[in-house]
There are 2 protein chains.
Amino acid sequence: MRPLFHPTIEDVRPEAILHALADPDRAAIFAGIMRSGCVEACSALSAIGDRVIPKSSLSNHVKVLREAGLIRSERHGVEMRNQARWAEVEARFPGLLVGIINAYASDLGGRPQAREPIEPGSRD
Amino acid sequence: MRPLFHPTIEDVRPEAILHALADPDRAAIFAGIMRSGCVEACSALSAIGDRVIPKSSLSNHVKVLREAGLIRSERHGVEMRNQARWAEVEARFPGLLVGIINAYASDLGGRPQAREPIEPGSRD
DNA sequence: TCCCATAGTTCGGAATTTCGGAACTATTGG
DNA sequence: CCAATAGTTCCGAAATTCCGAACTATGGGA
């Protein structure tokens, strides 16, 4: 299969990460990928709370996350496995993801995102 | 003078902060406001490196930062003083700003942004 | 007081980006 | 080979961003 484009960790830019996670849907998708043991099919992510995300949008969101360097996607048979590049990103930009994910998690008054705060170093 | 709109800290949303700082120009402007002792006229920010930012764009960038809850702007005579709402934002979203500013600072291979990493708690 | 200069905002249209339905491709099981 | 599933691509509509030009607000003279 097509070697889906993944930036090397040195090519990952902070603005791309912020842009990717500035969208609550994408942040929720990313949080979902992390929560689910770092591996998840796309279709399992197709709903944020009760809202359904059209699959073309979902595909696009996943692509944005991938090209920002946040996840690694790999085709397994007919489906796609995604895993967060947590450790790599954490090593390159210490504290960035923790800060962002915790910010969304502590903001449950608004659109719900992640479920609970996350400790660094526990993933990937 | 017009009571420029500033969100209360409880109304500040993570996605607004990420969106605001996902633009390297705005991140540089924000870093500039922090570096300069938290108070700076807009016009002093009108260049990022050697690139000149048109003033309508600058005005808009500052407005985005303000409405995201990142800075407080106040008219002093003919000019505008801006200060980072560092402590407030840090209290609401611990580690978020540090992570972001440090990410940009450690990324000086690309478009230059902030000058050096920042310790938490030293500002505002 | 009137006028000018300075600092910033608003307006408006062009360029860019995002969204999502419909059609398409890829892979597997039968 | 066919049908079903999972995801991607295409493309037009809607939303957003960019920035020059015109405008507003404030303070300092003369």
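Every chain is numbered from 1 and lettered A, B, ... according to where its sequence line falls, protein lines coming before strand lines.
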Asks: Within this structure, what is the CZ-to-P distance between B:R75 and D:dT24, rounded to whole angstrom?
Replies: 14 Å

Asks: Within this structure, what is the CG-to-C1' distance between A:N60 and D:dC10, rounded to whole angstrom?
Replies: 12 Å

Asks: Of all heavy-atom pairs between B:D23 and B:H61, which one has the smallest distance, and what is that distance?
Replies: OD2-CE1, 4.0 Å

Asks: So, A:T8 and A:D11: side-chain donor and acceptor under 3.5 Å apart, yes or no?
Replies: yes

Asks: Do you know which two heavy atoms are closest between A:L58 and A:I29, and how far apart they sit?
Replies: CD1-CD1, 3.6 Å

Asks: What are the two closest non-hydrogen atoms of B:I48 and B:D25, and how far apart are they?
Replies: CD1-O, 4.1 Å

Asks: Specify the separation, in whole Å, of atom NZ of A:K63 and atom C1' of D:dT8.
Replies: 9 Å

Asks: Before giving the answer on salt bridge (charged side-chain N to carboxylate O under 4.0 Å, His left out), spell out for B:R72 and B:E88 the whole-Å C-alpha distance, their side-chain angles and the decisive distance to 0.1 Å.
Replies: CA-CA 11 Å; B:R72 202 174 282 285; B:E88 284 175 281; 3.3 Å; yes

Asks: Pairs under 3.5 angstrom, nitrogen or oxygen only, protein versus nucleotides 28-30 of chain C, please.
Replies:
none

Asks: Expressed in angstrom and rounded to an integer, what is the separation of A:D23 atom CG from C:dC19 atom C1'?
Replies: 11 Å

Asks: Just the rounded figure in Å: distance from C1' of C:dG8 to CD1 of B:I29.
Replies: 14 Å

Asks: Within the distance-only criterion (no hydrogens, no angle test), does the side chain of B:H76 pair as donor or acceptor with the backbone N or O of B:E74 below 3.5 angstrom?
Replies: no

Asks: Taking only the side-chain heavy atoms of A:H61 (C-beta and beyond), determine which of D:dT8, C:dC19, C:dT9 contains the nearest atom.
Replies: C:dC19

Asks: Among the candidates D:dT8, C:dT9, C:dT27, find the nucleotide nearest to the side-chain atoms of A:M80.
Replies: D:dT8

Asks: Do you know which two heavy atoms are closest between A:A68 and A:I17, and how far apart they sit?
Replies: O-CG1, 3.8 Å

Asks: Send over the distance from B:F5 CZ to C:dG8 C1', rounded to a whole Å.
Replies: 20 Å

Asks: A:S57 or B:R81: which one's nearest nucleotide on DNA chain C is closer to the 5' end?
Replies: B:R81

Asks: Rounded to the nearest angstrom, tell me the gap between atom CD in B:E15 and atom P in C:dT18.
Replies: 16 Å

Asks: Is any side-chain nitrogen or oxygen of B:S59 closer than 4.0 Å to OP1 or OP2 of C:dT9?
Replies: yes

Asks: Considering only D:dA6, C:dG8, C:dG20, which nucleotide approaches the side chain of A:S56 most closely?
Replies: C:dG20

Asks: Atom CD of A:E79 and atom C1' of D:dT8: how far apart are they, to the nearest Å?
Replies: 16 Å

